[in-house]
Amino acid sequence: DMDESIGSNRVFQDLALGLAGQGIGSLRYNKRTFQYPERYKDKLLTPEEEVYTDLWAMVDLAKQQDWVDTNRIFIIGHSQGALMAPRFAALRNDLLHDIAGVVMLCGTADSLSRIVEYQIRHLNMQNGSAGSEESGAMLHALGSIYDPNQAENALILGTSVGWWRRIDTMFRPGFLDAVPHLVVNAAMDYQVPPRFYTSLRAHCEARKAASACTFREYPTLNHLLQQSDGSLSPNEYRRPNLHADEQLIKDIGAWVKSR
């Protein structure tokens, strides 16, 4: 949803409120598959249909608001959203030149299927034997994504093979050149751990001299941009009264204002 609700956590709401305190407004929206689940229950969407169509409309909506500086519109994406944001900005600016920058939160340059495979193995090791049979079936399914005999509309973990193949090619380093990027990763993130943002960091730092990309790593934060308890498990997200890190939000605000 528009708050990126995960249990009692509200990542995007925290970001919106924290940025508002710095004089930076935001527009958030419910993903179409969340807003209209019945409409899309049996429809196989591409990643672009799932995300870009509405994001494009939201930028158009932002440009119609009196309180928006239309020369300083930024896209913030988290996790899968971070993976997709650079391509969106590059496509949009090829036509309209109206995206001033992108903030990638817990993003990666690696394929999503490889990261999900890692997540399954990581959680399976934490659980010991519990769930290993189910995990084995999930890993087997992921391994079949690039089987040439696998139909594009076959479902893997509830999503079509075609979707997986497309999302795995979504990021290209050249997209970082389209607009300035702030790349933020969390060292205590078990979902996108440091091994999966090493290449993204290298791509970003290669563009540092041209001020095209800024990389920041937060040693104590988890995937939800909160202070980690070190467990590197979903139990972290069940702790009460947690919010996205204040310093991180201040840093995002300062970067946006510096563009």
Side-chain angles (χ1 to χ4, degrees), residues 1-4 10-20 22-34 46-65 67-109 112 166-167 169-186 192 197 200 203-204 207 211-216 223-225 244 248-259:
D1 63 6
M2 68 175 63
D3 293 334
E4 199 184 26
R10 304 285 186 270
V11 180
F12 283 165
Q13 183 183 74
D14 289 347
L15 289 171
L17 293 174
L19 291 173
Q22 300 176 65
I24 300 169
S26 63
L27 288 173
R28 295 168 287 139
Y29 63 95
N30 287 338
K31 207 171 182 179
R32 60 174 53 202
T33 47
F34 175 87
T46 66
E48 289 90 344
E49 291 170 330
E50 183 184 11
V51 176
Y52 286 175
T53 303
D54 293 327
L55 184 52
W56 194 282
M58 287 299 290
V59 175
D60 289 342
L61 179 64
K63 293 171 68 175
Q64 298 168 18
Q65 309 307 308
W67 52 271
V68 172
D69 180 347
T70 57
N71 294 313
R72 303 184 71 222
I73 294 176
F74 294 79
I75 304 296
I76 296 182
H78 177 236
S79 197
Q80 180 188 317
L83 179 71
M84 298 184 69
R87 179 185 286 269
F88 175 86
L91 292 172
R92 181 92 190 187
N93 277 17
D94 278 346
L95 295 173
L96 299 172
H97 306 285
D98 56 3
I99 303 299
V102 168
V103 180
M104 298 177 66
L105 301 174
C106 302
T108 180
L112 184 62
R166 181 60 178 159
I167 198 75
T169 62
M170 190 60 61
F171 178 83
R172 295 179 188 169
F175 293 143
L176 296 175
D177 297 320
V179 297
H181 282 69
L182 173 62
V183 176
V184 171
N185 283 95
V192 186
Y197 59 78
L200 176 59
H203 292 313
C204 182
R207 292 159 172 81
S211 299
C213 195
T214 302
F215 179 89
R216 288 184 182 158
H223 190 68
L224 300 190
L225 310 172
L248 165 66
I249 299 174
K250 289 179 182 178
D251 292 345
I252 294 172
W255 182 83
V256 167
K257 288 182 175 182
S258 72
R259 297 300 99 190

Donor-acceptor check, side chain of [X] to backbone of [Y], threshold 3.5 angstrom: yes or no?
X	Y	answer
Asp1	Asn30	no
Asn185	Tyr197	no
Lys63	Asp98	no
His97	Leu95	no
Arg172	Arg87	no
Gln80	Leu112	no

Gap between atom [atom2] of [Y] and atom [atom1] of [X] - 0.5 Å precision:
X	Y	atom1	atom2	answer
Ile99	Arg92	CD1	CZ	5.5 Å
Gln13	Asp3	CD	CG	4.5 Å
Ile24	Lys257	CD1	NZ	5.5 Å
Leu248	Arg216	CG	CZ	9.5 Å
Met104	His181	CE	NE2	6.5 Å
Glu48	Trp56	CD	CH2	12.0 Å

Looking only at non-hydrogen atoms, find the nearest pair between [X] and [Y] and report the distance.
X	Y	result
Cys106	Ala186	SG-CB, 4.5 Å
Leu61	Gln65	O-NE2, 2.9 Å
Pro47	Met170	CB-CE, 3.8 Å
Thr108	Phe171	O-CG, 4.2 Å
Glu50	Asp54	O-OD2, 4.4 Å

Look at the rings of His78 and His223 and say which category their plane angle falls in: under 30° parallel, 30 to 60° tilted, over 60° perpendicular.
tilted
Any heavy-atom pair between the side chains of [Y] and [X] that's under 4.5 Å?
X	Y	value
Phe175	Val102	no
Phe12	Ser26	no
Val59	Ile75	yes
Val184	Asp251	no
Ile249	Gln22	yes
His203	Cys213	no

Stepwise, does the side-chain contact (heavy atoms from CB on, under 4.5 Å) test hold for Phe88 with Val51?
CA-CA 9 Å; Phe88 175 86; Val51 176; over 6 Å; no
Residues Leu55, Tyr29; criterion side-chain contact (heavy atoms from CB on, under 4.5 Å); working and verdict:
CA-CA 9 Å; Leu55 184 52; Tyr29 63 95; 3.8 Å; yes
Let me see the working for Val68 and Leu27 under side-chain contact (heavy atoms from CB on, under 4.5 Å), right down to the final yes or no.
CA-CA 10 Å; Val68 172; Leu27 288 173; 5.6 Å; no
